[in-house]
Amino acid sequence: TLFMIIVCFSIMRSIRWRIIVGKGRFLNFFSIVQIGNLLANILPAQLQEPIKAALLKNKENIGIGYGLSSIFLERLMDVVGLLSIGVIASLFFPTTGNAQLWIFQLMRDIIIFASLLTGFLIFFVLKPKLFSKLFSPFKKYQRLKKLYEKLEFLIIELSDGFKEMGKKPANMTGAFFLTVLMWMINFGAVYVLFISVGFQITPLIVLFGFVGATLGMALPQTP
């Protein structure tokens, strides 16, 4: 059962990425997602993401910037979708006592951190000229000049791809609902795992723990 749920999750993630990008063959997206999953267990700091964009460029001739933009949008949808699930779960699965206090304190901290980090990244992606204006003084320092130029190039590439994908609101809406569905399926796998090894635990605690742990990996990070 767990294996089938994991396979279903991978297929849905590949479909979502294909919807966001808006073109390309599904099998290529599926294979790249699996390679990315493998590398995620080896490489730190989400370094598998630029590799996925490079593979997409090689297989589908889709620009690196556009590929990174689609991955950025994927991560953003993961964060928003997971936060939505966590908030909705608190309404349908009320608990009492210390478990409730600990869970909601954890969710509060996660929401604040996720919102600040995500908002910071989105702000500069939507306003690349402001990024250039604020950080251009770093060009005066030789050691920081190359870093600034790389970051500026990345921000501009992400911005261009983000705006292009934003022209397809129907695709974005479908991708978001698919995000919520696939994370609920993934939560189901985690809950089944707990039950299968004899842990009698409420769905809310598992769900909030799942949301908290997954957000740590899903937060959008620049390559």
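- Considering every non-hydrogen atom in both Cys8 and Ile185, the closest pair reads SG-CD1, 4.2 Å.
- Atoms CD1 and CG, from Ile62 and Leu55 in turn, are 12.0 Å apart once rounded to the nearest 0.5 Å.
- Heavy-atom minimum distance, Met77 versus Thr179: O-CG2, 3.4 Å.
- Of all the heavy atoms in Val180 and Gly81, the pair that sits closest is CG2-CA, 4.3 Å.
- Side-chain atoms of Leu56 and Phe29, non-hydrogen and from C-beta on, do get closer than 4.5 Å to each other.
- Looking at Arg13 and Met182, their side chains come closer than 4.5 Å, going by heavy atoms from C-beta outward.
- In terms of modelled atom types and a separation under 3.5 Å, the side chain of Glu49 and the main chain of Leu68 share no donor-acceptor contact.
- Summarising the geometry, atom OG belonging to Ser14 is positioned 5.0 Å from atom CZ belonging to Phe26; distances are rounded to the nearest 0.5 Å.
- At a threshold of 4.5 Å between non-hydrogen side-chain atoms, the residues Met172 and Leu73 count as touching.
- Here Ile32 contributes atom CD1 and Leu39 contributes atom CG; the two are 11.5 Å apart, rounded to the nearest 0.5 Å.
- In terms of heavy atoms, Gly24 sits closest to Arg18 at O-NE, 2.6 Å.
- A 4.5 Å side-chain heavy-atom check between Ile71 and Trp17 finds at least one atom pair inside the cut-off.
- Distance check, rounded to the nearest 0.5 Å: OG of Ser10 to CD1 of Ile5 gives 12.0 Å.
- Minimum interatomic distance between Gly67 and Ala53 (heavy atoms only, all atoms of both residues): C-CB, 4.2 Å.
- Note that the CD1 atom of Ile20 and the CD atom of Glu74 stand 5.0 Å from one another [nearest 0.5 Å].
- Taking the side chain as every heavy atom from C-beta outward, Lys52 and Ile35 never approach each other to under 4.5 Å.
- Residues Asp78 and Arg16 meet the side-chain proximity criterion, which asks for heavy atoms closer than 4.5 Å.
- The main-chain N or O of Val21 is found under 3.5 Å from a side-chain atom of Tyr66 such that the two form a donor-acceptor pair.
- Rounding to the nearest 0.5 Å gives a distance of 7.5 Å between CD1 of Ile6 and CG of Asn186.
- The number of heavy atoms from other shown groups lying within 6.0 Å of CZ (Phe177) does not exceed 12.
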